Amino acid sequence: VEASIPEPQRDAWQRNQPRSFSDKNGFEQEVVRHVETTLARSVFNCDEIAAYSATSLAFRDRLITDWNKTQQRQTYRDTKRVYYLSLEFLMGRALDNAMLNVGLKDAAKDGLQELGFRIEDVIKQEHDAALGNGGLGRLAACFLDSLATLNFPAWGYGLRYRYGIFKQEIIDGYQVEVPDYWLDFNPWEFPRHDVTVDIQFFGHVNKSTKADGKTISSWEGGEIVQAVAYDVPIPGYATPTTNNLRLWSSKASGGEFDFQKFNSGDYESSVADQQRAETISAVLYPNDNLERGKELRLKQQYFWVAASLYDIVRRFKKSKRSWKEFPDQIAIQLNDTHPTLAIVELQRILIDVEGLEWDVAWNIVTNTFGYTNHTVLPEALEKWPVGLVQHLLPRHLQIIYDINLFFLQTVEKAFPKDRDILRRVSIIEESQPKMVRMAYLAIVGSHKVNGVAELHSDLIRATIFKDFVEIYGSDKFTNVTNGITPRRWLHQANPRLSELIATKCGGHGFLKDLTLLNKLEKHAGDKDFRREWAEIKYANKVRLAKHIKDTTGVTVNPAALFDVQVKRIHEYKRQQLNIFGVIHRYLTLKAMTPEERKKQLARVSIFGGKAAPGYWMAKQIIHLVNSVGAVVNNDEEIGDLLKVIFLEDYNVSKAEIICPASDISEHISTAGTEASGTSNMKFVLNGGLIIGTCDGANIEITREVGESNIFLFGNLAEDVEDLRHAHTYGSHSIDADLEKVFLEIEKGTFGTPHDFGAMIGAVRSHGDYYLVSDDFHSYIETHHLVDAAYRNQDEWIAKCITSVARMGFFTSDRCINEYAEEIWNVEPLVV
Ligand code: GPQ
């Protein structure tokens with residue numbers, strides 16, 4: 001590898017390598033040094049924020065040493081790398097994770113104590129890095145953790161949004177969005193002002209004929225925006241491997257602003273240009289499972305994809321290998337269709353810039369990319385108007401048309417009798433206006449397509465991508481069931497449970513090989529072990545109860561059954577089913593005599609999650625939950641028997657408090673709509689049971705933990721279509737208990753009935769698309785089973801322990817190994 005420092009001077013560098021701390025004293029020295037020099041503070045004005053800043057800087061220095069070594073090693077060995085392209089990385093906090101991964105959290109705890117701080121208070125100062133909406137973004141974050149932990153040479157590429165997902169406030173029971181400006185102080189990123197890429201938009205295509213008669217196209221004119229790299233180190237757990245997450249930030253090209261305009265007195269427009277450029281990476285679109293086709297979103301996608309590919313190609317070219325080796329050196333994974341333009345951009349670079357023949361280039365492209373689908377919901381499948389693509393990316397549209405032409409030619413040859421197939425599979429939808437179907441482009445341009453749970457992968461093969469399975473054969477379509485990192489979601493979120501498990505599993509090895517949890521199984525009947533297990537669950541519930549008290553003012557009894565549903569608010573996820581069930585429970589309790597009531601089990605129903613700002617129905621659901629809470633929580637007849645809580649601003653750091661504290665959690669999507677779900681895995685791994693539909697990964701969780709350890713209910717995916725049809729074309733009668741709930745809402749028990757008219761109407765009069773009424777009875781019955789099971793605490797705890805013992809499959813390490821073997825063909829590289 002070429003180095004900028006000549007050989008004779010390297011000795012001096014070797015002698016002066018920074019030494020990173022490895023114990024409490026070393027840590028304290030670093031903290032004091034950072035407080036007094038980097039932060040220019042002292043014992044007189046070191047508050048918790050300064051303590052957080054200095055602690056982070058101390059750990060950052062440590063990570064950077066390992067990061068440098070990792071990157072040098074990867075460059076030197078030049079083995080195949082993985083690039084994970086995701087518009088979302090929902091990272092949460094970094095400090096706790098960094099301390100645990102390098103194995104120095106205890107040293108930091110003691111050190112901070114000596115310096116006058118409690119480590120928990122210091123950790124809490126960190127702002128979540130919330131560059132994602134929900135499951136898709138969090139999956140990307142878990143994957144980065146596993147890639148580093150398993151020593152894979154891998155980079156993440158994303159956008160450095162100035163504003164992450166909005167903060168949610170609840171005011172008078174309604175969601176209010178507040179901007180999330182999180183970059184005031186972010187010690188975890190390194191600006192690389194020397195790593196920039198010029199990104200072109202608009203313009204036109206010039207065709208010219210070369211001497212040999214070949215025509216070449218070049219994209220000219222338009223405007224340039226600059227991409228600046230910001231690097232975030234990603235430490236693995238108990239390994240020096242520290243990978244890189246590179247986030248691009250947009251800037252006006254040519255520096256601060258247009259000096260010519262500035263000097264000629266046109267101040268406003270010189271600043272406007274700069275602001276327009278910066279708008280590209282300004283804000284994360286707050287939609288989950290929904291695409292709204294906004295021009296700025298397409299600009300974001302191309303900006304990020306073009307910068308990343310330029311970077312990847314630049315790195316490849318340094319190795320002086322031939323182009324045909326590109327797919328042997330590089331695997332690029334597309335996290336949903338958001339980065340699909342990367343396929344077109346790489347083809348453009350290879351043919352227009354590098355001068356390769358179309359077929360040679362296309363072969364390289366298709367062998368490089370893999371595409372992961374995360375939903376079958378039609379409203380989430382990306383389509384871009386042809387006119388918009390033409391305007392913004394004229395050369396790319398031509399290439400898309402050529403890709404489509406060659407693809408359709410092969411389809412026509414293979415299926416000469418199917419007169420309709422070309423229309424069905426065309427990348428261009430012949431609608432008004434014409435649209436580019438991004439999922440189809442992603443399939444055609446990739447060598448593997450995967451879904452994220454078995455049912456989901458089966459469904460995409462059988463429905464939305466059926467024709468493509470016919471065309472390419474079924475080998476191209478595969479499944480990689482999602483997983484979660486046990487480092488954050490067990491060890492960090494639930495340290496006491498992690499310690500207890502370690503006593504039975506021969507230490508903390510299970511954090512790297514989660515199948516070792518199976519050693520727990522034989523202790524499920526052990527009385528002392530169960531007691532300790534139950535004590536930890538109780539302590540976690542006390543912690544959540546305190547959070548609830550602090551944030552909502554409502555007192556909840558930690559001895560009650562905690563029933564949790566936290567996730568984005570969406571009709572398909574059916575928070576409305578949950579709150580209708582809660583109202584049913586309330587009415588049942590109200591109808592009882594005081595004697596009967598005394599025999600009932602106490603419950604706390606906990607909701608949390610953000611609604612997309614433009615999703616009116618989701619906001620109505622939040623309002624209903626809060627309105628029910630306001631009535632139930634103040635009903636003295638009911639007291640502790642039922643509390644209804646809406647937790648404000650659900651995010652990663654709050655999930656770390658909530659997951660360890662649930663007894664039962666709800667994963668109750670209409671069958672066939674939730675691709676996988678990943679919080680289901682988090683809750684079970686933390687010793688909670690779940691109530692759920694036969695959907696997404698719930699099915700595989702059932703296979704692993706056993707049917708007796710999960711509460712399944714509701715209609716199956718295979719029956720959904722017929723039921724929907726019957727609602728629309730047959731007679732549709734509403735479940736009698738649900739109708740009682742509706743009548744109570746309409747009586748005004750929970751505030752102005754008018755507010756909830758649309759929610760009721762969706763079930764009663766608009767076809768009940770999400771099958772709320774069809775599943776209501778089975779849902780209520782199953783909650784009765786939950787109550788009954790919870791009364792037998794010994795057996796309940798045994799179920800929890802057995803379930804945790806059988807959760808080894810759901811580590812994201814297992815997924816990453818599957819991707820590495822089946823899709824990427826990459827090997828780990830130990831530093
Ligand atoms: N998912 Cl398409 C999102 O979080 N956002 C999206 O826009 C789309 C999917 C989720 C999906 O709903 C969950 O079922 C998955 O577990 C998750 O992606 C990760 O695959």
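Both counts, for ligands and for their atoms, begin at 1 and track the order of listing. Here the structure is a predicted model, which means the values were calculated and not measured. Numbers here simply count residues along the sequence, with the first being 1.
Among all protein heavy atoms, the one lying closest to atom 2 (Cl) of ligand 1 is T375 CG2, 3.3 Å. Shortest contact from atom 5 (N) of ligand 1 to any protein heavy atom: D288 OD2, 3.3 Å. Taking atom 7 (O) of ligand 1 as the reference point, the nearest protein heavy-atom neighbour is N289 N, 2.9 Å. Of all protein heavy atoms, the one closest to atom 15 (C) of ligand 1 is G677 N, 3.7 Å. In terms of protein heavy-atom proximity, atom 9 (C) of ligand 1 is nearest to H374 O, 3.4 Å. Counting protein heavy atoms only, atom 14 (O) of ligand 1 is closest to E674 OE1, 2.7 Å.
Of all the heavy atoms in D813 and L511, the pair that sits closest is OD2-O, 4.2 Å.
Put simply, part of Y572 is less than 4.0 Å from ligand 1, judged by heavy atoms.
Under 4.0 Å from ligand 1, not a single heavy atom of T372 appears.
Within the 3.5 Å criterion, the main-chain N or O of Y84 finds no donor-acceptor partner in the side chain of Q333. Put simply, the side chain of Q575 gets close to the backbone of H570: a donor and an acceptor are under 3.5 Å apart. Judged purely by atom type and a 3.5 angstrom limit, D768 uses its side chain to pair as donor or acceptor with the backbone of S773.
Looking at T337, N482, V452 and measuring to atom 19 (C) of ligand 1, the nearest heavy atom belongs to N482.
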**Report entry** Residues R461, F468; criterion side-chain contact (heavy atoms from CB on, under 4.5 Å); working and verdict
**Finding:** CA-CA 8 Å; R461 279 187 288 243; F468 292 89; over 6 Å; no
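Residues in residues 649-688 take part in these ring pair (Phe, Tyr, Trp, His ring centres under 6.0 Å) pairs, two or more places apart or across chains: H667-F683.
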